[in-house]
Protein chains: 2
Amino acid sequence: MPRKVTLADVSRAAEVGVATVSRALGDHPDVSEATRQRVRAVARSLGYRPSATARALRTGEYRAISVIVPDAGWGWWEPVVRAAFKAAAEVGYYLMAHPVAGTKGGAAAIVEALANVPTDGVIVIGVPDQDGVCEACDRIALPAIAIDDTSRTVRFPTISAQNREGARLAVEHLISLGRRSIALLRPNIGVETDNWGDGLFIDHRTLGYRDALDSAGIAFDESLIIDCTDPFNETRKHWRELEAELSTGVRIDAMFCAADSMAGAALRTLRAHGLKVPEDVSIVGFDDERAAILVDPQLTTIRQPYEEMGCYAVELLLRKIQGEHVDIRRYEFVTELVRRSSTDEPERLAKPDGTT
Amino acid sequence: MPRKVTLADVSRAAEVGVATVSRALGDHPDVSEATRQRVRAVARSLGYRPSATARALRTGEYRAISVIVPDAGWGWWEPVVRAAFKAAAEVGYYLMAHPVAGTKGGAAAIVEALANVPTDGVIVIGVPDQDGVCEACDRIALPAIAIDDTSRTVRFPTISAQNREGARLAVEHLISLGRRSIALLRPNIGVETDNWGDGLFIDHRTLGYRDALDSAGIAFDESLIIDCTDPFNETRKHWRELEAELSTGVRIDAMFCAADSMAGAALRTLRAHGLKVPEDVSIVGFDDERAAILVDPQLTTIRQPYEEMGCYAVELLLRKIQGEHVDIRRYEFVTELVRRSSTDEPERLAKPDGTT
DNA sequence: TAGTCTATCGGGAGCGTTTCCGGTAACGTT
DNA sequence: AACGTTACCGGAAACGCTCCCGATAGACTA
């Protein structure tokens, strides 16, 4: 294999100093147009490629950032990552993704490994023990910012959607269809949730659910809250209880899936109990992830502005990398309702407010 | 922020030479146990972390490899990447993922960017212009190996499933259910396919389809082949033709989806035309990606041994990195049929071979 | 004509490692 | 007592780059 061609090689071939080559290639001002051209030409013909390592060692910056994601693929964060990739590329930064799934040792191990990866900062997206990761980053002086919040306190700049308002939007939509017995299906994310407290996204969504009920004067019924651990295997106790209730004839006429990923299981279960969607039960999800259009019927859901969130994340991170101060608070983004067939109006139901 | 602590700092604090520190930390033989302990302790208390950059610059190896994937998430390659991550970690290598989706410039640009990323080699997974990417890697002396094949020739070590045998398995299963009018739904992958030639995975799957038909003595009917560009939007002409046929009463009783990602659309379309799965139409997919268990009914499909493939990929790549010779050929892995409800036997159909 | 200024360039240090090589001290051997 | 061995350690070079600083030559000013 051909030995790597270095600055010195180019310098020799172009008959100029190595410093000049560096400047010519780096578009610095104090080099004549003529030499710049010549150096350029020689470098190209020699197939010169700068060593990112050497450059990083010298300058102390890698021009690369990392995102830590829960898994390689499959999740609401995909579009966020995609957007972040693009945003980073636009300012000449390279972005790399680090899935934590399957890694043993969890957050700590991830950051441990990250210490060996050339990166100027990290974006932590919806991983368990988000705070732990961020703090570990802090310890090794790595700027970090978080997206979504799986930790109750805000000790790092945190980007999230307006979860409470979004949930309210969802449930209001169901109510506007004339639904009144609305179940809340919640993903269990491995940390204790606190229905009323501030913090976890799922808490906010629960609050939004209550907000909508309250405004509509519908009594809150705790038995309609169902926690669901595994969206694919439906192992959670509460979920089985719902199934039991359904088979004993308890009726719900709507369901707010606080995460799209559970929609498949929900649909299957409802169907198994002879309930039709959207005729008998209307469903609204949250996240607008790709599963939403895969299921049948396609899912009405709450969409987060993933692109904006991803872009803003890199923007914030770059600021932090450049030493600017970034407020430690939650940066919230507005959500919108995406209507699909899971909330088609089956028949003309009399609505509370009398509109069509 | 605290300045980074270097070898020199540790050396000063431990009152030994920097070379000794390096050796002590690196578990080299010629350093006394006593000093090793002391250096270790000092390093820990100072919070020393070796600079991966400096080390890489000196040693010339990064102990990191890259995977290039079509997209950030959502696809059959997810488990491959996951397995590769693990395999790499086990031998002390770090793996990073590079999605090409959204990148402008395609393959060339990717590798261009990769030149600035510290990596010892790359695994290219199912991206368009796979050959182009591999060749670009070759040019910059980056060891590369490919997984799956979206190029017709094998100019790089290529890992793939036994696509032909897998497809045969799928279709034989359908035939064993008594089905005889079996549609083949194919993903369009952006390159011209050649039904009979060797190369693209989809060609192999088509061949397997024919193999099964031939063995069962079922005549091949070209009009049952449907090409489908976008699994989510179903825009392809042939697909609309199928829909048209279905509505004019043309009957199929089974469908082999040559990629799971199309199953959602297929199911929706069939349902829209009043056909029930699995009662009226049996469906088998290919890939066993996560979509397979999300759809309703859950999809019988052909599973590739993703974990093995991912592990083998890093094994092969590491060998290449270490300068060993790696045969340039296709490394094929056996597939298996995963039975789910989309091929439940609806009623007792008379089977050709008379078995139950 | 002498001095100053600008444009252009080269030398060389230094980023944090690893590793070669040479040096010292302690020990064992004749 | 003189030598060779062994065990341990430190100095320093090198990896490829950037950038500070000083040098040179020509142009311009007084």
Side-chain angles (χ1 to χ4, degrees), chain A residues 1-40 42-43 46-64 92 115-120 140-141, chain B residues 1-40 42-43 46-64 92 115-120 140-141:
Chain A
M1 62 184 84
R3 218 189 52 73
K4 185 134 173 61
V5 26
T6 90
L7 260 196
D9 299 324
V10 180
S11 139
R12 249 188 311 277
E15 294 174 311
V16 288
V18 43
T20 306
V21 178
S22 173
R23 276 183 304 238
L25 263 26
D27 269 334
H28 278 73
D30 51 351
V31 47
S32 74
E33 189 53 33
T35 31
R36 190 198 318 282
Q37 299 292 353
R38 189 155 42 90
V39 168
R40 281 263 158 86
V42 172
L46 254 47
Y48 168 75
R49 314 195 139 270
S51 150
T53 316
R55 179 179 295 169
L57 180 59
R58 174 63 230 233
T59 62
E61 60 173 25
Y62 305 100
R63 299 194 72 77
N116 290 325
V117 164
T119 191
D120 294 319
I140 61 177
Chain B
M1 58 185 84
R3 219 186 52 73
K4 187 141 173 54
V5 26
T6 87
L7 260 196
D9 300 324
V10 180
S11 139
R12 247 187 313 275
E15 293 174 313
V16 288
V18 39
T20 306
V21 178
S22 174
R23 277 183 303 240
L25 263 24
D27 269 331
H28 278 74
D30 52 350
V31 46
S32 74
E33 189 53 33
T35 34
R36 189 197 319 282
Q37 299 290 355
R38 190 154 44 88
V39 167
R40 279 265 157 87
V42 171
L46 255 47
Y48 168 75
R49 317 194 138 270
S51 151
T53 316
R55 179 178 296 168
L57 180 59
R58 174 62 229 230
T59 62
E61 61 173 26
Y62 304 101
R63 300 193 72 78
N116 291 324
V117 164
T119 192
D120 294 319
I140 61 176

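Hydrogens, waters and symmetry mates play no part in the numbers below; they use all other heavy atoms, side chains included. All values reported here derive from a predicted model rather than from experimental measurement.
The shortest side-chain heavy-atom distance between B:Val39 and B:Val42 does not fall under the 4.5 Å cut-off. You'll find the side chain of B:Tyr48 reaches within 4.5 Å of the side chain of B:Leu25, heavy atoms only.
Considering all non-hydrogen atoms of both residues, B:Ala54 and A:Leu57 come closest at CB-CD1, 3.8 Å. Nearest heavy-atom pair, B:Pro50 versus B:Arg55, reported as atom, atom and distance to 0.1 Å: CB-NH2, 3.1 Å.
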Salt bridge (Lys or Arg N to Asp or Glu O under 4.0 Å) assessment of B:Asp27 paired with B:Arg36: CA-CA 8 Å; B:Asp27 269 331; B:Arg36 189 197 319 282; 3.6 Å; yes
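Separating the OG1 atom in A:Thr53 from the CZ atom in A:Arg58 is a distance of 15.5 Å, to the nearest 0.5 Å. To the nearest 0.5 Å, the span separating CZ on B:Arg23 from OG1 on B:Thr20 amounts to 4.5 Å. To the nearest 0.5 Å, atom CZ of residue A:Arg40 and atom OG1 of residue A:Thr35 are 11.0 Å apart. The line from CD1 of B:Ile140 to NZ of A:Lys4 is 8.0 Å long, rounded to the nearest 0.5 Å.
Listed by residue number, B:Gly17, B:Ala19, B:Thr20, B:Arg23 are the residues of residues 17-29 of chain B with a heavy-atom contact under 4.0 Å to DNA chain D. Of the residues in residues 51-59 of chain B, those with a non-hydrogen atom less than 4.0 angstrom from any atom of DNA chain D are B:Leu57, B:Arg58.
Atom CG of A:Leu7 is separated from atom P of D:dC19 by 12 Å (rounded to the nearest Å). Separating the OH atom of B:Tyr62 from the P atom of C:dT18 is a distance of 15 Å, rounded to the nearest angstrom. Between the NZ atom of A:Lys4 and the C1' atom of D:dC15 there is a distance of 12 Å, given to the nearest Å. One interatomic measurement links the two molecules: CD of B:Glu33 to C1' of D:dC9, which rounds to 16 Å at whole-angstrom precision.
Residue B:Arg36 is classed as having no contact, given no heavy-atom separation below 4.0 Å to the nucleic acid.
Of the candidates D:dC17, C:dG10, D:dC9, the closest approach to any side-chain atom of B:Asp30 belongs to D:dC9. Residue B:Ser32 has its side chain nearest to D:dC8 when only D:dC8, C:dC9, C:dG16 are considered.
Contact annotation: A:Tyr48 reaches the phosphate of D:dC17 (side-chain N/O to OP1 or OP2, under 4.0 Å).
Counting heavy atoms of neighbouring residues, nucleotides and ligands inside a 6.0 Å radius, atom CD of A:Glu61 exceeds 12 of them.
A distance-only check finds no donor-acceptor pair linking the side chain of B:Ser11 to the backbone of B:Leu7 [under 3.5 Å].
End-to-end axis angle of the helix from C:dT1-D:dA30 to C:dT30-D:dA1, using five pairs per end and rounding to 10°, comes to 60°.
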